[in-house]
Participant: 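Input: one structure, supplied below.
Since the structure is predicted, the reported quantities are computational estimates derived from the model, not experimental observations. First listed ligand is number 1; within each ligand, the first listed atom is number 1.
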Amino acid sequence: MTDLTALSLIEAATALRTGDLSSTELTKACLDRIHALDSRIHAFLALTPDLALKQSEAADQRLAQWRREGGDPLPLTVGIPIAVKDVLCLEDIPTTCGSRILEGFLPPYTATSVERLIRAGAVVLGKTNTDEFAMGSSTENSAFGPTHNPWDLSRVPGGSSGGSAAAVASHMCYAALGTDTGGSVRQPASFCNATGIKTSYGRVSRYGLIAYGSSLDTVGALARSSADLLPIFTAIAGHDPLDSTAMTDPVPKIILDDTDLRGLRIGVPREYFIEGMQPEVEAAIKEAVRVFESLGAKTRDISLPHTDLALPVYYIIAPAEASANLARYDAVRYGPRLESIKLSEQYFTTRGALFGQEVKRRIMLGTYALSSGYYDAYYGQAQKVRTLIKGDFQAAFEEVDLIACPVAPTTAFRIGEHGDDPLSMYLEDVFTLPANLAGVPGIAFPVGFDSNRLPIGMQLNAPHLGEEALFGAAHAYQGITSWHKEHPLL
Ligand code: GLN
């Protein structure tokens, strides 16, 4: 029998339409694979098999009716098993953000992005592991233990959407939702050989996404190719009255058929090739740029002059916003409580015991940066520099349509490698943070392997709301390369 989990999302959707396969079969195949592999990978924090089987039965009925009666084409997501990062609320299903402080929390509602996928017929297999409150680049900051990279179990899958990336790469699901505040979709996609979209700020509703850095947070997704990813984006994108920052602009109907990129102008920013980056990463990116040239694109050197300021600016703004967002975990409204006679003591002991190291570090940094007397010097100043970084992108997009660059300076590192050195971990984010500060979209996709057979990812950025060009360019690349088809032997 063929392994159903080896099918691409598009292949699975095609077989569902002809009736050669049922959603229930796909769902059971995914659940079996999770049971076989996840004790070694730990991609999931919670499984929802009952919900999944109920949803797959409903999808099978929807498909059967469509085959009998015809009608409008069904979304490609109907009957497709997916996973959801555990920072997105799903009604009555444990949602922890990888934190002890939310252990036992059952959200009373479902995030818009998840709700839309469910309405588009997707089947939810479970919630995936994440760095605590999405703070991290390796999924090691999860209070429930790290996720392992399916390509090398001694290494990290990237983060913070490491559970989603590992689940996609090990074929436990056909696609997964992730979130990207500073790189958390693109970097794990790169480390695990997945294709991941970081959407434009405001393109996808944040309603029901547990907030980290509200001016940076975006919902995105990971899958095995640009073509597989597109139906997920189509399902989740678009205005939502429940999120005042969700753009009202219409979402284009994206069709992927053109493999010709003639006329496309791609800029390669010189600031993204820095000392200390892994030479194999640099070589693979430069080779991928040549592939784009062979597809007809015109490439050229460009400059994003404030790139080196993105890291310090991000690590002021993100912790500042996080410190405000996380104030709500007060030992009264959510999760467990370490009882105390005095209310203030209860607040401090619960937060002290149940938040992890990295979260507490960022709350302290952020609170300091926002405190009176320091606000102008830190947060205010950081916002000004953020405007310069945004201006870099605006100026570049006057001259080019897309920007091509690496996702991360290295391939997947070993679990524990960055140990107690948060700064060295923050350096992993240098190439992904600028897009979040500017609010522009990015896609990460496989462009090769290093000598340890660890995946290397390339990133393309587009102007705000320019996702269509990203899907198109990545799809064209994947039409003449096969890196994205490689998968780990488990
Ligand atoms: N690694 C970055 C951080 O730790 C980005 C995380 C994210 O995108 N959620 O903040």
Participant: Measuring centre to centre across the rings, with the benzene-like ring taken for any Trp, is H42 within less than 6.0 Å of H148?
Facilitator: no
Participant: Please name all residues satisfying side-chain contact (heavy atoms from CB on, under 4.5 Å) with A227, sequence neighbours left out, ordered by chain then number.
Facilitator: I10, S225, L256, H475
Participant: Among I443, L222, I197, which residue satisfies the side-chain contact (heavy atoms from CB on, under 4.5 Å) criterion with V185?
Facilitator: L222
Participant: With a 3.5 Å cut-off and no angle check, do the side chains of K85 and T179 form a donor-acceptor pair?
Facilitator: yes
Participant: What pairs of residues pass the salt bridge (Lys or Arg N to Asp or Glu O under 4.0 Å) test when at least one of them lies in residues 439-460, not counting sequence neighbours?
Facilitator: R453-E486
Participant: Name all residues meeting the ring pair (Phe, Tyr, Trp, His ring centres under 6.0 Å) criterion together with Y201; count only those two or more places apart in sequence or in a different chain, and write none if there are none.
Facilitator: none
Participant: Which protein residues have a heavy atom under 4.0 Å from ligand 1?
Facilitator: A134, M135, G136, S137, S160, D180, T181, G182, G183, S184, Y212, Y314, Y315, R362, D429
